[in-house]
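Quick note: numbers below take in every heavy atom, side chains included, and nothing from hydrogens, waters or symmetry partners.
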Amino acid sequence: MPVKKIFTPFYQKLALVLIALIALGYVVILAKEVLDPLLFGLLFAILLYPIASFFEKRLRLPRGIAVLFSIVLLIAFIAGIGYLVGSQISGLASDWPMLKSQVSQSVDDLSQWIQDAFHINASKQMSYVHSTTQKLMASGGEVAGQTVGAISSLMLFYVFILIFTFLILFYRTILIRFVEWVFSDEYAHIVHDIVQNIQSIMRQYILGLLLEMFVVACIACIAFWIIGIKYAVLLGIIVALFNLIPYVGIFSALLLSCLITFATGSVKDVVWVAGSVVGIHLVDSNFFLPTIVGSKVKLNALVSFLGIVLGEMIWGLSGMFLSIPVLAIFKIIFDRIESLKPWGFVMGSGTEQKKSTLKKMKPVTADKT
């Protein structure tokens, strides 16, 4: 007897998909403490794999020592950037009197404007400020405790990232073999292709981000130096670092740059710095980003922005940064599984589909007579 195919209505499929997504999102939120450093460790492991492989194959070092040396190089690179930023920030201490006078003058101007606009005299304004200050001081101990707890949690988070990076690099052969072995031999070539492409494209993405950050830092430093800003190097590094956060980092960089410039310069300098930051961001988003960071995986702006919003809702700042790499990994998987190709297409810019269509079209040639 022929087997009858069971027809599942569309609304049932949609309901099952929504339930699965909600359950997956809930599990991801609960497992943040483990998955968050694990994903960062995976990205760093992909980035450091060529260095570890060089130490292991060319210098004949044991795998553990080779992985450890590659992580030490990463820590040294990050420490170098931190030292450069810290040396610039320490110079702001000498400008504290200037910052204090600037803030005092701005407060006086704001108080005069409030008095003229809302008819609230200076004594009432000071009483409001005094009461607010008393409330803040009363909760100062709690705030200090929360700050210490946040710093200790952040340091533990960084330690977990390094541990996961070391373990993923050390057991990379076992992990890759496990992923290929889980699926049947029929899909072995597809799984192998997905794994290889994820490694290659993620490495291109991370190196592209670092190169883009260096180019943006150089341009910002030159622009601020031409304007005559005192801490041009510091502001350039700040703009480059916050530029790593898509769409949202520009606002943080703009705010910090304007505050530091206001503390050490004039209002005219603040306007020039704000215009420079916006101009650099426009050039970066329209030229440097697609040229330097552009890779085989093309995510359209709608999917990217939606992923950033969802990442912030789920994991906060780290979710915003991880959203683009995670979406890129999903797109690599979707593009290589026949039933999921529509999802990969809707995540992309549309250029891949045009290229594949053109390749399928055969040129028309004249018949030989």
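E312 is linked by a salt bridge (Lys or Arg N to Asp or Glu O under 4.0 Å) to nothing, counting only residues two or more places apart in sequence or in another chain.
To the nearest 0.5 Å, the span separating CZ on F224 from CD1 on I280 amounts to 5.0 Å. One distance of note links CE of M313 with CD1 of I308; it measures 14.0 Å at 0.5 Å rounding. A distance of 4.0 Å separates CD1 in I324 from OG in S304, rounded to the nearest 0.5 Å. Separation of atoms CG (L38) and CD1 (I163) is listed at 12.5 Å; rounding is to 0.5 Å. We find the CG-CG distance between L210 and L47 to be 6.5 Å, quoted to the nearest 0.5 Å.
Counting only N and O atoms by type, the side chains of R172 and S53 include no donor and acceptor under 3.5 Å apart.
Open room surrounds CZ on F69; 12 or fewer heavy atoms of other groups in view lie less than 6.0 Å from it. Counting heavy atoms of neighbouring residues, nucleotides and ligands inside a 6.0 Å radius, atom CH2 of W272 does not exceed 12 of them.
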Given side chain to side chain contact (heavy atoms under 4.5 Å, CB included), test L256 with L235 step by step and report yes or no. CA-CA 8 Å; L256 288 176; L235 295 183; over 6 Å; no

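Between L43 and L322, some side-chain heavy-atom pair lies under the 4.5 Å cut-off.
The pair R336-D193 meets the salt-bridge criterion, with a side-chain N (NZ, NE, NH1 or NH2) lying under 4.0 Å from an Asp/Glu carboxylate O.
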